[in-house]
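For reference, the structure discussed in these notes is given below.
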Amino acid sequence: MSTNKPRAARTSATRGAGRSVGARRVGARPGVRSMTGAASTVRHAPAHVRRLLMLVALVVVMGLILAPVLSGYLGQRAQISAAADQIEAERSQIADLESELARWDNPAYVEQQARQRLRFVKEGEIAFAVIDDSGTDYTESLPGMAPVSDEVLADSPWYGQVWESVNIANEGLPETKEP
């Protein structure tokens with residue numbers, strides 16, 4: 001687009017937009033405002049300000065559109081993370097239960113648990129319960145065993161103690177309805 005005209009000639013020619021260089025506008029007098037200038041007292045904002053306002057408006061509209069979508073996305077990511085944590089916890093619990101199940105395949109472990117939980121003894125062995133001079137039993141109750149009160153151990157016959165232990169063992173179990 002280079003032309004051979006000098007720069008000053010090019011700019012004045014483009015500003016005139018069809019007028020000759022020496023031509024004056026009709027009705028334009030020096031020092032007098034034209035009607036179009038007096039009627040248009042509204043000031044227009046510069047172009048860069050208008051563009052900036054349009055950009056701000058566009059960003060606000062985009063924010064209003066994207067906010068619910070982004071909120072839903074972040075909520076779903078949080079749910080996925082919580083589900084992954086729960087899955088990991090359940091996998092570790094499954095691994096613990098499988099290792100406990102594998103221990104129950106060992107006859108020595110079964111015997112140990114029978115001795116501890118059920119207080120079983122082998123033939124020929126003697127089981128002792130340590131009591132002091134007040135008559136209280138120092139053997140602790142294990143988880144899952146019902147504690148026997150001191151009233152039961154009081155002067156009652158052996159069959160009364162057995163019946164009371166059956167009643168205590170039955171406490172807390174739901175009643176069954178027979179058909």
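Distance check: E100 CD to D105 CG gives 11.5 Å after rounding to the nearest 0.5 Å. Between S71 atom OG and Q76 atom CD the span is 9.5 Å, to the nearest 0.5 Å. Q112 CD to R117 CZ: the interatomic distance, rounded to the nearest 0.5 Å, is 10.0 Å. The distance from atom CZ of R77 to atom CG of L70, rounded to the nearest 0.5 Å, is 12.5 Å. Of the inter-residue distances, the one linking I94 atom CD1 with I87 atom CD1 reads 10.0 Å to the nearest 0.5 angstrom.
Shown here is Y73, whose OH atom has no more than 12 heavy atoms of other residues, nucleotides or ligands within 6.0 Å. Within 6.0 Å of the CZ atom in R51, the count of heavy atoms belonging to other residues, nucleotides or ligands does not exceed 12. With a 6.0 Å radius and a threshold of 12 heavy atoms from other residues, nucleotides or ligands, Q93 has its CD atom at or below the threshold.
The shortest heavy-atom contact between F120 and R115 is O-CG, 3.5 Å.
Residues satisfying the salt bridge (Lys or Arg N to Asp or Glu O under 4.0 Å) test with R50, not counting sequence neighbours, are none.
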